[in-house]
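Below is one structure, written out as structure tokens, with a few remarks after it.
First the proteins, then the strands, lettered A, B, ... as listed; each starts at 1.
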Amino acid sequence: MEQSFYDQVFELARLIPEGRVTSYGAIARSLGAGGSARMVGYAMAHAGAADPPVPAHRVVNSSGLLTGRFHFKTPGLMQELLEKEGVEVKNDKVRDFKTLLWDPLKEL
DNA sequence: GGATTGACGTGTC
DNA sequence: AGACACGCCAATC
């Protein structure tokens, strides 16, 4: 079976190193999806049922905002995990997002 | 199989 | 600076 966009997103998301974050748009482009950044987020919503689990907390929107924190088991868990990995989160947004941004197109 | 739906992105007001 | 609008595109119902 060919992998759906979901699986592609999941795999790429799992490649995100600790202490790093990436944006939905970056992932989408990396997959050749271009403007279908929403599909990436949509896929991440199903990440909860993915195996192995997907570090969705390392994926934020282009502003570094933790948009999907509410989708986690508990809101705030996302920030918790990020801070645990050394990512500074302030007001639901990643600090130095630009610096911590892990671009698959460049890093990979 | 058409309509709805988004963890988005960028631009405009 | 904040709020609003439109575009994209695949998966789900």
Which side-chain hydrogen bond (donor to acceptor under 3.5 Å, both in side chains) pairs, counting each pair once, include a residue from [range], with sequence neighbours left out?
{"range": "residues 97-108 of chain A", "value": "none"}
{"range": "residues 62-83 of chain A", "value": "A/Arg69-A/Asp92"}
{"range": "residues 28-39 of chain A", "value": "none"}

Transitive ILVMFWY side-chain link A/Leu65 to A/Met44, under 4.5 Å: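 No; A/Met44 is not reachable from A/Leu65 via cluster members.
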Can you run down the salt bridge (charged side-chain N to carboxylate O under 4.0 Å, His left out) pairs that involve residues 40-67 of chain A, sequence neighbours left out, and say none if there aren't any? A/Arg58-A/Glu85
Under the salt bridge (charged side-chain N to carboxylate O under 4.0 Å, His left out) rule, what pairs show up with a residue in residues 9-18 of chain A, not counting sequence neighbours? none
Protein-nucleotide distance ([X], atom [atom1]; [N], atom [atom2]), rounded to Å:
{"X": "A/His46", "N": "C/dT12", "atom1": "NE2", "atom2": "C1'", "value": "8 Å"}
{"X": "A/Met44", "N": "B/dA7", "atom1": "CE", "atom2": "C1'", "value": "8 Å"}
{"X": "A/Leu65", "N": "C/dG2", "atom1": "CG", "atom2": "C1'", "value": "14 Å"}
{"X": "A/Phe5", "N": "C/dT12", "atom1": "CZ", "atom2": "P", "value": "13 Å"}
{"X": "A/Tyr42", "N": "C/dG7", "atom1": "OH", "atom2": "C1'", "value": "18 Å"}
{"X": "A/Phe10", "N": "B/dA7", "atom1": "CZ", "atom2": "P", "value": "13 Å"}
{"X": "A/Phe70", "N": "B/dA7", "atom1": "CZ", "atom2": "P", "value": "12 Å"}

With heavy atoms under 4.0 Å as the rule, sort A/Ala56 into base, sugar-phosphate or nothing.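 Counting heavy atoms under 4.0 Å across all strands, the contact made by A/Ala56 includes a base.
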Looking across every strand, which nucleic acid part, if any, lies under 4.0 Å from A/Phe72 by heavy atom: base, sugar-phosphate, or nothing?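 If one applies the 4.0 Å heavy-atom cut-off, A/Phe72 turns out to touch a base.
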In the hydrophobic cluster built from side-chain contacts under 4.5 Å, what are the other members alongside A/Val21? A/Val60, A/Leu66, A/Phe72, A/Leu77, A/Met78, A/Leu81, A/Leu82, A/Val87, A/Val89, A/Val94, A/Phe97, A/Leu100, A/Leu101
Separation of A/Leu31 CG from A/Leu105 CG (nearest 0.5 Å):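 Reported value, rounded in 0.5 Å steps: 9.0 Å.
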Neighbours of DNA chain B within residues 100-108 of chain A, by heavy-atom distance under 4.0 Å: none
Base contacts versus sugar-phosphate-only contacts with protein, heavy atoms under 4.0 Å: please encode nucleotides 8-13 of chain B as B, S and - from 5' to 3'. BSS---
Among residues at least two apart in sequence or on other chains, which ones pass side-chain contact (heavy atoms from CB on, under 4.5 Å) with A/Lys84?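 Applying side-chain contact (heavy atoms from CB on, under 4.5 Å) to A/Lys84 gives none.
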